[in-house]
Amino acid sequence: MKINKIHKKLFIIVIMAYLIYIFASQQKTINSYKAAQKYYSEQIAKETLHKETLCNKKNNINSEEYIEEVAREKLDMYLPNERVYIDISK
């Protein structure tokens with residue numbers, strides 16, 4: 001009978017140790033999933049902002065202001081009789 005009680009206690013201790021191990025490993029997995037979720041949420045927010053920027057640029061691409069800006073900055077074109085000052089220190 002005494003050996004039977006020892007076996008029962010040993011069995012309970014082994015089961016408890018196994019359950020603690022399972023709980024710890026699942027908690028580690030859950031933490032890694034939460035970190036991945038946070039990373040992907042940040043990426044989605046970043047890409048959404050980039051998409052909005054591109055949509056705004058797409059909507060403004062045919063405006064006169066944008067065309068003038070591109071002509072001045074990239075093509076060095078100016079309006080007739082417009083004074084252009086060049087900074088020679090650069």
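A quick note: this is a predicted structure, and the numbers were derived from the prediction, not measured.
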task = Locate the shortest heavy-atom distance separating Asn62 from Ile67; write the atom from each residue and the value.
result =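 Taking every non-hydrogen atom into account, O-CD1, 4.0 Å.
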Per-pair distances, 0.1 Å, donor-acceptor, side chain in residues 14-25, under 3.5 Å, sequence neighbours excluded:
| from | atom 1 | to | atom 2 | distance (Å) |
| --- | --- | --- | --- | --- |
| Ser25 | OG | Tyr21 | O | 3.3 |
| Ser25 | OG | Ile22 | O | 2.9 |

Sequence neighbours excluded, which residues qualify as side-chain contact (heavy atoms from CB on, under 4.5 Å) partners of [X]?
X	answer
Thr48	Ile44, Glu52
Gln37	Ser41
Thr53	none
His7	Ile3

request  = Check whether more than 12 heavy atoms from other residues, nucleotides or ligands sit under 6.0 Å from atom CD of Gln43, and answer yes or no.
outcome  = yes
Return the [atom1] to [atom2] distance between [X] and [Y], rounded to the nearest 0.5 Å.
X	Y	atom1	atom2	answer
Ile61	Tyr66	CD1	OH	4.5 Å
Gln26	Tyr33	CD	OH	10.5 Å
Leu10	Lys5	CG	NZ	16.0 Å
Lys28	Ile30	NZ	CD1	13.5 Å
Lys34	Gln27	NZ	CD	6.5 Å
Glu69	Asn60	CD	CG	10.0 Å

4.5 Å side-chain heavy-atom contact, Lys38 and Glu42 = yes
message = Could you list the cluster mates of Tyr40? Members are the ILVMFWY residues connected by side-chain heavy atoms closer than 4.5 Å, either directly or through other members.
response = Tyr39
